[in-house]
**Q** 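Take this structure first; my questions come after.
On a predicted model such as this, the values are computed, not experimentally measured, just so you know. A note on names: the letters A, B, ... follow the listed sequences, proteins ahead of strands, and every chain is numbered from 1. Excluded from the calculations below are hydrogen atoms, water molecules and symmetry mates; all remaining heavy atoms, backbone and side chain alike, are included.
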Protein chains: 2
Amino acid sequence: MTDVETRELRYFVAVAEELHFGRAAARLGIAQPPLSRAISRLEHRLGVRLLDRDRRGAALTDAGRVLLRESRVALDAVAAAAHRTRRAGNPDRPLVLVTKAGASHELLQRLLDAVADDPGAAPVEVLLCEVGEQARLLRDGRADVALMHRPVDDLAGFDTEDLHTEGQVAIVPTRHPLASRDQVTLAEVSDVPGLPIARWPRLDGSYPDGPGPEIHTQSQLAQLVALGRTLLVIPASSRAWQWPEHVAVPVVDAPAITTVIAWPSSISSPEVASLVRSAAALRDS
Amino acid sequence: MTDVETRELRYFVAVAEELHFGRAAARLGIAQPPLSRAISRLEHRLGVRLLDRDRRGAALTDAGRVLLRESRVALDAVAAAAHRTRRAGNPDRPLVLVTKAGASHELLQRLLDAVADDPGAAPVEVLLCEVGEQARLLRDGRADVALMHRPVDDLAGFDTEDLHTEGQVAIVPTRHPLASRDQVTLAEVSDVPGLPIARWPRLDGSYPDGPGPEIHTQSQLAQLVALGRTLLVIPASSRAWQWPEHVAVPVVDAPAITTVIAWPSSISSPEVASLVRSAAALRDS
DNA sequence: CCGTCGGATACCTGCCGGGTATCACAGCGA
DNA sequence: TCGCTGTGATACCCGGCAGGTATCCGACGG
């Protein structure tokens, strides 16, 4: 009943993700045999079969699926411990604020201005990330605080403060028939011939079905839009990256998006609290 | 920038708690020199001083305090991964439900009856623990679900469902003047000569000031009450352990206590969901 | 029936975790 | 002042285990 080491969890996660010992070993930078041994030792120690070894790879058992999910949060927690400790050691560490590139641009701008104007506030470093990455960065300690969006982001385990609620708009090429409309509905917009609606990831990271492209990165998205290959439904404030050849049409029945400031509920640093206060003050004004 | 291993975190936690390398080493079952080395390697790797070595022991730095807090949650997460995986491997694992010994006795009884009557429900194993221990057991995976009490327990990071709200009563010896009252106030009860009010731990585990005894274990509490050495303010339902020589007097202005069923928000097992549904059904009936 | 692919096994090696002995240093008491 | 004690650090050694290479075994495809 010896204790589980993080190395073993990292190894298991690699195998569980690759479902192939050889590839997992390569990814980990070790040879395949030690990896096989480590996994079977882990199985033995837990008294549970984690993988069904099939002749063309490996498949997760139920217990394996549980361990995969749990390992990710455990590894994030360990990484967070290291990150936050490193930061606590540096006397004038900046707070790291993470947000999806391009979203809530104006709000972010005002927040940074407010912080800059406040001589007592800790400096803030802005980290821009891809769709759905904020939660990960908060969980593993690379970021202290995030701007996130309800209901599209996963807010479990975080404390949040609502900052701003807004409707969504459809981004369509100027010459498209829909461009002249005052407003549209989701139904109208979701089945436009030749202009499939972009598919954003759900809370769990999976994608809804449909003909449009799956959105993974901001740059990919920008290019798709620039090429006129997809129709986009986004919060009005994300119009910061919009091009002259597109127009935004309000989508009346799309769910409202609330921008929130989020931080790990375990954390209770005065710097974070002060930043949250500054952000909340922006909302009131 | 190699990764942090759980062993190192366990070692650090031991030193941080003992504030003494020798004692920490003894507790860990290793010799002192390897422990010193492990800690200084950890400090070097994190690039941060964790402890100020003084001639009469060690003291935590700010960074050390951060790492202590973070290490505990990380170690709990790792332990939870192991526990939950082991349980997932056993096909007919019982759900482990933890509650403070003595609290919400009647509700627990009804819940267990309901589960026993439902042939489709997973079996439930009851684990009784001391004051404030439930959160720990949920976090490190030794328990799946808990009966907890708002606002006295720490519910951060858990999903909860309210089951029952009730007032609190003061437990006083029958021959005491207060025993004949219909109701009392906190002010009356908090300064009774010769019968100091018992002090429960706060959310963070610290204790309020006062003359009364600090409550750590249920057996200690039972004995103090039986001896007539302390005056107790508890939820009405905790009267399950009450003796004939005491009476319960409602305390009109004490905060109401809500019994909740709580489970780690990361978990989404059908067995837990079903148990929560059973508990919620009790509330409605 | 052979070649290939994927994982397991056998066996070796070097590193690192852990042990013992000892040091360095600061109080402290006689 | 000088040991003495209690503390953590250093020096050094040893054994086990992580990790490497070579090889095997079973299953498929041709």
Side-chain angles (χ1 to χ4, degrees), chain A residues 1-61 63-65 67-68 71 75 78 82, chain B residues 1-61 63-65 67-68 71 75 78 82:
Chain A
M1 211 65 73
T2 14
D3 280 294
V4 176
E5 289 297 327
T6 62
R7 178 166 15 83
E8 307 182 279
L9 295 185
R10 278 193 300 275
Y11 285 8
F12 173 73
V13 169
V15 176
E17 285 177 353
E18 299 286 346
L19 295 177
H20 188 288
F21 281 74
R23 279 197 302 274
R27 186 172 118 187
L28 292 166
I30 65 173
Q32 170 256 319
L35 180 59
S36 285
R37 257 189 313 162
I39 298 295
S40 62
R41 185 180 45 238
L42 183 60
E43 287 181 322
H44 193 259
R45 192 169 323 152
L46 294 176
V48 164
R49 193 135 200 86
L50 299 170
L51 296 155
D52 285 323
R53 277 79 153 178
D54 184 72
R55 281 308 139 194
R56 43 183 29 101
L60 284 171
T61 62
R65 264 181 290 277
L67 185 59
L68 176 58
S71 294
L75 290 175
V78 172
Chain B
M1 210 65 76
T2 14
D3 280 294
V4 175
E5 289 296 327
T6 62
R7 179 167 14 86
E8 307 181 280
L9 296 184
R10 279 193 300 274
Y11 286 7
F12 174 73
V13 168
V15 175
E17 285 177 355
E18 299 286 345
L19 295 177
H20 187 290
F21 280 73
R23 278 197 301 273
R27 187 172 118 185
L28 293 166
I30 65 172
Q32 169 257 319
L35 181 58
S36 285
R37 257 190 313 162
I39 298 295
S40 62
R41 184 181 45 237
L42 183 59
E43 288 182 320
H44 193 260
R45 194 172 318 157
L46 294 175
V48 164
R49 192 137 201 86
L50 299 170
L51 296 154
D52 286 322
R53 277 79 152 179
D54 184 70
R55 279 307 141 196
R56 45 184 28 103
L60 284 171
T61 62
R65 263 181 291 278
L67 184 59
L68 176 58
S71 295
L75 290 175
V78 172

**Q** Rounding to an integer number of Å, can you tell me how far B:Arg7 CZ sits from C:dC16 C1'?
**A**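 In whole Å, C:dC16 C1' and B:Arg7 CZ are 9 Å from each other.
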**Q** Once you round it to whole Å, what is the distance between C1' of D:dG8 and CD1 of B:Ile39?
**A**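 The answer, rounded to whole Å, is 12 Å.
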**Q** Given atom CG of B:Leu51 and atom P of D:dA9, what is their separation to the nearest angstrom?
**A**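 So the two atoms are 9 Å apart, to the nearest Å.
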**Q** Between D:dG8, C:dT20, C:dG7, which one does the side chain of A:Arg53 approach most closely?
**A**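 Shortest atom-to-atom distance from the side chain points to C:dG7.
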**Q** Quick check on D:dG19: is either OP1 or OP2 less than 4.0 Å from any side-chain nitrogen or oxygen of A:Arg37?
**A**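 Looking at the OP1 and OP2 atoms of D:dG19, neither is under 4.0 Å from any side-chain N or O of A:Arg37.
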**Q** Of B:Arg23 and B:Pro34, whose nearest nucleotide on DNA chain D comes first from the 5' end?
**A**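 Closer to the 5' end of DNA chain D: B:Arg23.
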**Q** May I ask you to verify if any side-chain N or O of A:His20 is less than 4.0 angstrom from the OP1 or OP2 atom of C:dG7?
**A**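 Yes, because at least one side-chain N or O of A:His20 sits under 4.0 Å from OP1 or OP2 of C:dG7.
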**Q** Quick check: closest heavy atoms across B:Leu68 and B:Phe12, and the distance to 0.1 Å?
**A**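 Taking B:Leu68 first and B:Phe12 second, the nearest heavy atoms are N-CE2, 3.6 Å.
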**Q** Between C:dG19, D:dG8, D:dA18, spot the one nearest the side chain of B:Ile30, thanks.
**A**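 Looking only at side-chain atoms, B:Ile30 lies closest to C:dG19.
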**Q** Does B:Arg41 put a side-chain nitrogen or oxygen below 4.0 Å from OP1 or OP2 of C:dG17?
**A**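 So the side-chain polar atoms of B:Arg41 do come within 4.0 Å of the phosphate oxygens OP1 or OP2 of C:dG17, strictly under.
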**Q** Does any part of the side chain of A:Leu46, heavy atoms only, come nearer than 4.5 Å to the side chain of A:Leu67, both counted from C-beta?
**A**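 Contact flag for A:Leu67/A:Leu46 side chains = yes.
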**Q** What is the distance from CD of A:Glu18 to C1' of C:dG7, rounded to the nearest Å?
**A**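 Result: 15 Å.
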**Q** Quick one: what's the B/S/- string for nucleotides 22-30 of chain D, heavy-atom cutoff under 4.0 Å, read 5' to 3'?
**A** B----S---
**Q** Can you tell me the distance, in whole Å, between the CG atom of B:Leu28 and the C1' atom of C:dG18?
**A**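 It is 13 Å, rounded to the nearest whole Å.
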**Q** Take atom CZ of A:Phe21 and atom C1' of C:dT9, then tell me their distance rounded to the nearest Å.
**A**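 One finds 14 Å between C1' of C:dT9 and CZ of A:Phe21, rounded.
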**Q** Flag the pair A:Arg49 / A:Ser40 as yes when at least one side-chain heavy-atom distance between them is below 4.5 Å, and no otherwise.
**A**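 No; the side chains remain at least 4.5 Å from each other.
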**Q** So, taking the atom named OG1 in A:Thr61 and the one named CG in A:Leu51, what distance separates them when rounded to the nearest 0.5 Å?
**A**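 A:Thr61 OG1 to A:Leu51 CG: 6.5 Å, rounded to 0.5 Å.
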**Q** Is there a side-chain polar atom (N or O) of B:Ser36 under 4.0 Å from OP1 or OP2 of D:dG8?
**A**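 For B:Ser36, the contact criterion (side-chain N or O under 4.0 Å from OP1 or OP2 of D:dG8) is not met.
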**Q** So that I can tick it off, tell me whether A:Arg7 and B:Glu8 are bridged by a salt bridge, with the cut-off set at under 4.0 angstrom between side-chain N and carboxylate O.
**A**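 No.
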**Q** Are B:Glu5 and A:Arg10 ion-paired here, with the side-chain N under 4.0 Å from a carboxylate O?
**A**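 Here B:Glu5 pairs with A:Arg10 in a salt bridge, since their nearest N and O are under 4.0 Å apart.
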**Q** Figure out the CG/C1' separation between B:Leu19 and D:dG8, and round it to whole Å.
**A**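 Interatomic distance, CG of B:Leu19 to C1' of D:dG8: 14 Å.
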**Q** Any sub-3.5 Å donor-acceptor pair from A:Gln32's side-chain atoms to A:Gly22's backbone N or O?
**A**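 Here the side-chain-to-backbone pair does not exist.
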**Q** In whole angstroms, how far is the P atom of C:dG6 from the CG atom of A:Leu35?
**A**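 After rounding, the gap between these two atoms is 14 Å.
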